[in-house]
Structure formats: C-alpha cells, structure tokens
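As structure tokens, the structure follows; a few thoughts come after it.
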Amino acid sequence: MTSVSAEHLSGKDRPPVLVSSDKRGIRHELRPKLQQITTSETFNACGRPISGVNGVTIVNGPKGSGFGGLRSCGKGWICPCCAGKVGAHRADEISQVVAHQLGTGSVAMVTMTMRHTAGQRLHDLWTGLSAAWKAATNGRRWRTEREMYGCDGYVRAVEITHGKNGWHVHVHALLMFSGDVSENILESFSDAMFDRWTSKLVSLGFAAPLRNSGGLDVRKIGGEADQVLAAYLTKIASGVGMEVGSGDGKSGRHGNRAPWEIAVDAVGGDPQALELWREFEFGSMGRRAIAWSRGLRARAGLGAELTDAQIVEQEESAPVMVAIIPARSWMMIRTCAPYVFGEILGLVEAGATWENLRDHLHYRLPAADVRPPIISVRK
Ligand SMILES: [Zn+2]
C-alpha cells in the first residue's frame with residue numbers, strides 16, 4: 001500500500017476530519033477541536049471538569065445518557081454540544097406551540113432572504129437582516145393586518161449558510177393564525193411584510209431582494225405540508241437552525257456550507273474555512289437564534305423563555321450515575337481521542353456497567369481510567 005499525505009487527496013478522497021458517525025458523537029468530538037481555534041474564552045471552558053477532585057460523572061436517565069460535573073458555555077451558535085441541548089429544547093417548545101395552534105387555527109411558514117455578494121461581511125448582513133425583520137413585524141400596518149387576519153404572532157429562526165456568493169443570511173418564521181387562513185390572505189399578508197422588509201434593506205444600502213426569485217416563500221403547514229414543518233423543526237433541533245454535516249465536511253448542498261460544515265473544514269486544516277469560522281464566531285456574537293412575538297408563548301401555555309445558558313444548566317430528572325471519569329483521564333480523552341465520548345454515551349444507553357466502560361476505555365486509551373459510581377443520584 002502506498003501512503004499518501006492528506007494534502008494530496010482532494011474532495012471526498014480526503015480522510016474524514018471526524019471519526020464519529022452519529023450527531024451526538026460528532027458534537028462531542030468537534031467541541032475540543034473547535035476550542036483549539038476559538039477566540040471565545042467562555043466557549044473554551046465548556047466541557048472541562050468543574051472539579052479536578054470529583055471528576056466527571058457518566059449518568060443515564062429517561063432522556064438518555066450524558067456527562068455531569070462539566071462546565072457549559074451556552075453558546076448555541078459556536079459550541080456544538082450546547083447547540084444540541086439548546087436546539088432540542090427550542091424545537092420542543094416550537095412543536096408545542098404549533099400543535100396548540102393547529103388545534104384551533106392554522107400555521108404558515110414564511111422565508112425571507114436578502115441579496116448578497118461575496119466579500120460582504122457576515123456581521124453587516126446579519127445586522128441588516130435583524131433590522132429588516134423588525135421593520136417587517138412592526139408598525140401600524142402590521143398591527144392592523146394582524147388584527148384583521150387573526151394573526152396571533154410568530155416564532156422566527158435565523159439560518160446562515162456560505163456559498164460562492166458569500167454569506168447567505170435568511171429568516172424562517174412560523175406565522176400563527178387563529179382561524180383557517182386562506183391562501184389569498186396569506187399572500188397579501190406576507191407581501192406586505194416583504195414590502196417592509198425590502199424597504200428597510202434598501203434604506204440600509206442593500207440590494208432589493210427579488211420577490212419571485214427566492215426573496216419570499218410562504219406556505220401553509222398542516223396535512224401534507226407537515227413534512228415541511230418536521231424538516232424545519234429537525235433543522236433547529238440539530239443545532240439552532242444548523243445541521244452538523246456527516247463529519248467529512250463535504251455534505252454541503254450546491255456548494256453551500258452550513259456553519260458546522262465550515263467548522264469541520266476549519267478543524268481539518270482548511271485555511272479559508274478557518275477564516276470563515278472566525279468571521280462566523282464574531283458575526284454570531286449576541287444574536288438570538290429564535291425569537292417569539294410577545295404573548296405567543298403564554299397563549300400556548302409555555303413559561304418564560306430561558307436563555308441558552310439557562311437551558312444548558314438545566315438538570316435532567318432522576319439521572320442514575322453509572323461511572324466516574326477522573327478529571328485527568330477526561331482531559332486525556334479530550335486531547336487524544338474525543339470520539340470516545342460518543343462511544344461511551346452509546347454504550348451506557350445499551351446497558352454498559354462501569355466495568356464495561358473501563359474495559360472499552362482501556363482498549364482505546366490504556367492510560368485513561370474509569371471508576372465505579374460513588375452514590376446513586378436520585379431526587
Ligand atoms: Zn458549550
């Protein structure tokens with residue numbers, strides 16, 4: 001067999017950057033690698049043991065297995081692990097609101113995009129998008145039409161991709177109607193939103209988006225279109241509107257990459273991807289992934305909205321401690337074999353005992369250690 005260095009292989013022939021094949025494994029494997037290139041100190045602390053003495057607990061509960069005793073950053077845009085938790089929580093809330101709305105009324109999904117060219121900064125585009133959405137969902141006409149057409153409000157998500165024309169920043173929103181909204185009403189309602197969206201973008205110096213070439217898309221949800229909703233929710237659940245790719249960084253559609261795909265390419269040593277990831281880290285700082293119109297959550301019986309940091313701090317109910325990984329061993333796995341984290345979680349869910357975990361870990365990393373649980377944590 002001839003050995004070929006990674007640089008000489010191109011495209012899909014290149015060995016994968018990540019070993020894990022499932023999303024959870026990818027998140028845990030990607031986090032320490034991304035931390036090597038991050039400029040965020042908060043993110044850099046995520047996934048490190050809180051106590052050097054107590055180590056990291058491996059727990060199993062009704063919602064699956066997990067790790068305890070770790071710092072978390074709550075940076076849903078740039079931390080793959082926190083993105084998973086935040087995304088799952090938000091997707092759950094959105095499906096509750098949609099189910100509630102479909103019980104008595106109807107729901108439509110509207111997508112609005114902006115025109116962009118390569119070289120425009122993500123930060124500027126995102127700021128423009130936020131202002132345009134605000135313009136689309138404010139003002140007298142918006143309030144009058146909401147009243148007239150029975151729109152109970154919206155939940156909106158921001159999605160970002162990058163392709164040959166640079167950063168593509170767009171909004172998906174679910175519009176809630178108290179009755180069965182007709183196609184005509186939906187069209188005129190969304191057209192008016194799009195007019196305000198366009199005017200704002202133009203006033204800020206952006207090119208006017210094209211109504212019929214992808215600038216605006218609106219569709220009713222329910223019945224056959226349920227699949228659209230399912231796809232939308234899955235997208236959010238997979239990481240605040242972003243999909244972790246297959247792990248080889250090459251799953252982008254039509255050359256458009258989602259931020260996680262850029263992240264995988266960046267940790268794989270692609271200098272352009274590294275530059276883009278850094279820009280994404282900066283551009284996403286302080287941005288909300290999901291926003292609710294006032295009163296919508298309460299109407300559907302949801303409590304106050306939690307911040308990303310609060311969501312990741314939430315304790316799982318009645319977890320059972322399966323084993324403990326000493327802090328030193330944990331750090332060793334992070335550095336040398338982070339794909340093992342996903343393997344451990346899978347083994348625990350398949351019923352592995354602490355001895356099974358110890359044997360597996362010794363096989364992967366002979367110097368790393370697993371210890372028996374000290375107490376069973378039950379609330
Ligand atoms: Zn984190």
Side-chain angles (χ1 to χ4, degrees), residues 17-18 20 22-52 54-59 61 63-93 157-158 160 235-245 247 258-264 266-267 274 277-290 305-316 319 325 327 330-335 337-342 344-345:
V17 176
L18 303 175
S20 307
D22 65 306
K23 280 189 179 176
R24 182 171 62 183
I26 289 172
R27 292 179 197 287
H28 280 279
E29 193 182 347
L30 186 56
R31 177 170 58 185
K33 288 172 187 275
L34 269 179
Q35 285 171 333
Q36 291 173 15
I37 59 170
T38 189
T39 55
S40 164
E41 280 180 32
T42 313
F43 169 43
N44 197 34
C46 190
R48 295 177 192 268
I50 294 169
S51 155
N54 299 339
V56 178
T57 56
I58 304 172
V59 295
K63 286 184 178 172
S65 57
F67 299 115
L70 292 171
R71 287 178 209 287
S72 53
C73 70
K75 293 211 162 279
W77 288 112
I78 59 168
C79 173
C81 293
C82 291
K85 287 183 196 166
V86 170
H89 177 91
R90 302 262 190 247
D92 193 48
E93 287 189 335
V158 172
I160 316 277
K235 207 162 201 178
I236 292 174
S238 72
V240 199
M242 295 180 284
E243 289 224 294
V244 173
W260 296 124
E261 292 170 315
I262 295 171
V264 171
V267 299
L274 177 61
W277 180 254
R278 291 248 159 90
E279 193 184 343
F280 181 75
E281 273 204 346
F282 173 72
S284 64
M285 217 184 286
R287 310 278 190 188
R288 295 175 78 186
I290 303 290
E305 193 181 357
L306 301 179
T307 64
D308 289 4
Q310 286 168 329
I311 292 169
V312 300
E313 288 298 335
Q314 275 181 325
E315 287 294 324
E316 206 184 298
I325 303 182
W330 177 268
M331 294 307 285
M332 199 185 298
I333 303 170
R334 271 176 61 96
T335 311
Y339 61 88
V340 169
F341 294 134
I344 289 175
L345 294 174

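Order of appearance sets the numbers: ligands from 1, and atoms from 1 within every ligand. Atoms considered below: every heavy atom in the structure, side chains included; atoms not considered: hydrogens, waters and symmetry mates. Numbers here are sequence positions counted from 1. These figures come from a predicted structure and were not determined experimentally.
Ring-plane geometry between Trp277 and Trp260 is classed as tilted, the angle between the planes lying from 30 to 60 degrees on a 0 to 90 degree scale.
Here the protein contributes Cys46 SG, Cys73 SG, Cys79 SG, Cys82 SG as N, O or S atoms under 2.8 Å from the Zn ion (ligand 1).
You'll find the side chain of Met285 stays beyond 4.5 Å of the side chain of Ile78, heavy atoms only. Taking 4.5 Å as the limit, some side-chain heavy atom of Ser65 sits within range of a side-chain heavy atom of Arg24.
Side-chain N/O atoms of Thr38 and Glu281 include a donor and acceptor closer than 3.5 Å.
Taken from CG in Asp22 to CD in Glu29, the straight-line distance is 10.0 Å, to the nearest 0.5 Å.
Judged by distance alone, the side chain of Arg31 and the main-chain N or O of Phe43 form no donor-acceptor pair under 3.5 Å.
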